[in-house]
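Take a look at the structure set out below.
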Amino acid sequence: MSDMHDEPRLLIIIPAWNEEETLGDVISEINEKVRSADVLVVNDGSTDETSAIARESGAMVLDLPFNLGVGGAMRAGYKFASRSGYSNTVQLDADGQHDPGEVNTLIRCMAEEGADIVIGARFAGVGNYSVRGPRRWSMRILSIVLSRVARTHLTDTTSGFKACNRAAIRLFAADYPAEYLGDTVESLVIASRADLRVRQVGVEMRDRAGGRPSHSPIKAAVFLIRAMFALAIALSRPRVSITAEKASA
Amino acid sequence: MSGYGFALALCAIVVGLLYFLLRTRRIQEKYAGIWILVAVAVVILGAFPKIVFWLAALVGVGLPANLLFALAIVTLLAVSIQLSSELSSLEEESRTLAEEIALLRLELRTPPRSASPGNKVPDDSETGELPRSAQG
């Protein structure tokens, strides 16, 4: 019978849309490497066995009745974390790209830097993940702008590997955009403007089990335009302030 | 049949259709309002076309018909913007509902918690009192 402040409780949130092939392995790896964490799979309207596999692996499952996108799935996850009183969350992809062993790296960085949000970054000197061509330049521009917004050095703003503390969980449970790039770019803007401390730490990424990032210049251009649009809208929105107290732990 | 008579007949049909849709609650008043306004305006203009000439001279539009077209485009634009904004808020509402449904389903599957909010219960559905058939 522990009080909720006795020990930090960690929830790993995995947004999953038709990820039956890789999800089982990801969850068992988490159970093996991060024993203290609870695992929540947000099944984003999958039409395959994602939900059943997650439950068999012992994870809690939020079954969304239809597909909401990563941002939609994550807000549902943050709502659950907020209502169940978790002190920290880590978002982790279901495709096996993120190494569950790095979860502790994020949490450690959060404690050391006194950060509210820690991004597991791909281009921060660790690992050999690389994106080439126009897409790389788009991501560079995003990084430069968002680094200024967040008043810290960010190199990988589109990473889906993120740790949050209580303050960030409460903010994101109320306001987490479902639009394109809303879950990465815009959420960072929202957090920075709510005076949350954003930091990044380099992590090694693995190859995705399926699919490679596209190198088509047209797609990269479309990505850049949409990213700039999302950024412009996000920056022009009125500020939101968290009513939640800023967690000092 | 004169052009004005044709316009008047058209407006009468539009007003009648809107009235029918409102009466059977197939559209809400907040969406019908602007159309009723448009229909009434067209009826008035159809009956007294001099108003258009006077208005066109007033705002400095050379051809009165162009004023009508411009006004019609602006009205349609306003309606479609209103619909976009209503659609966005509907999507946000359905997103919130989807989240709540998912959270409730998870709560139903897990055994009831004790009074302490931080008391974590292992999420093993075998120990719950709920019948397994309750799962979606």
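So that the names make sense, note that chain A is the first sequence line, chain B the second, and so on, each numbered from 1.
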Where does A:Ala73 contact chain B at under 4.5 Å (heavy atoms): side chain, backbone, both or neither?
neither
Interface residues of residues 88-95 of chain B facing chain A - non-hydrogen atoms under 4.5 Å apart:
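Those residues of residues 88-95 of chain B which have a heavy atom under 4.5 Å from chain A are B:Glu92, B:Ser94, B:Arg95.
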Can you name the residues of residues 63-86 of chain B that have some heavy atom under 4.5 Å away from a heavy atom in chain A?
none
When heavy-atom pairs shorter than 4.5 Å are enumerated against chain B, which of A:Gly77, A:Pro65, A:Ser51 gives the highest number?
A:Pro65
Nearest 0.5 Å, please: how far is [atom2] in [Y] from [atom1] in [X]?
{"X": "A:Leu68", "Y": "B:Thr96", "atom1": "CG", "atom2": "OG1", "value": "9.5 Å"}
{"X": "A:Phe80", "Y": "B:Glu107", "atom1": "CZ", "atom2": "CD", "value": "9.0 Å"}
{"X": "B:Leu103", "Y": "A:Ser84", "atom1": "CG", "atom2": "OG", "value": "8.0 Å"}

So, the side chain of B:Arg109 versus the backbone of A:Met60: is there a donor-acceptor pair under 3.5 Å, distance only?
no
Do B:Arg105 side-chain atoms and A:Asp63 backbone N/O form a donor-acceptor pair below 3.5 Å?
yes
What residues form a side-chain contact (heavy atoms from CB on, under 4.5 Å) with A:Tyr180, not counting sequence neighbours?
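For A:Tyr180, the residues satisfying side-chain contact (heavy atoms from CB on, under 4.5 Å) (neighbours in sequence not counted) are A:Phe223, A:Arg226.
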Partners meeting side-chain contact (heavy atoms from CB on, under 4.5 Å) with A:Ile233 (sequence neighbours left out):
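Scan of A:Ile233 (side-chain contact (heavy atoms from CB on, under 4.5 Å), adjacent residues dropped) gives A:Phe229, A:Arg237.
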A:Glu29 atom CD: more than 12 heavy-atom contacts under 6.0 Å:
yes
Looking at A:Glu49, I want to see if its CD is surrounded by more than 12 non-hydrogen atoms of other residues, nucleotides or ligands under 6.0 Å.
no
Does the salt bridge (Lys or Arg N to Asp or Glu O under 4.0 Å) test come out yes or no for A:Arg75 and B:Glu100, once each step is laid out?
CA-CA 11 Å; A:Arg75 192 176 77 175; B:Glu100 293 298 335; over 6 Å; no
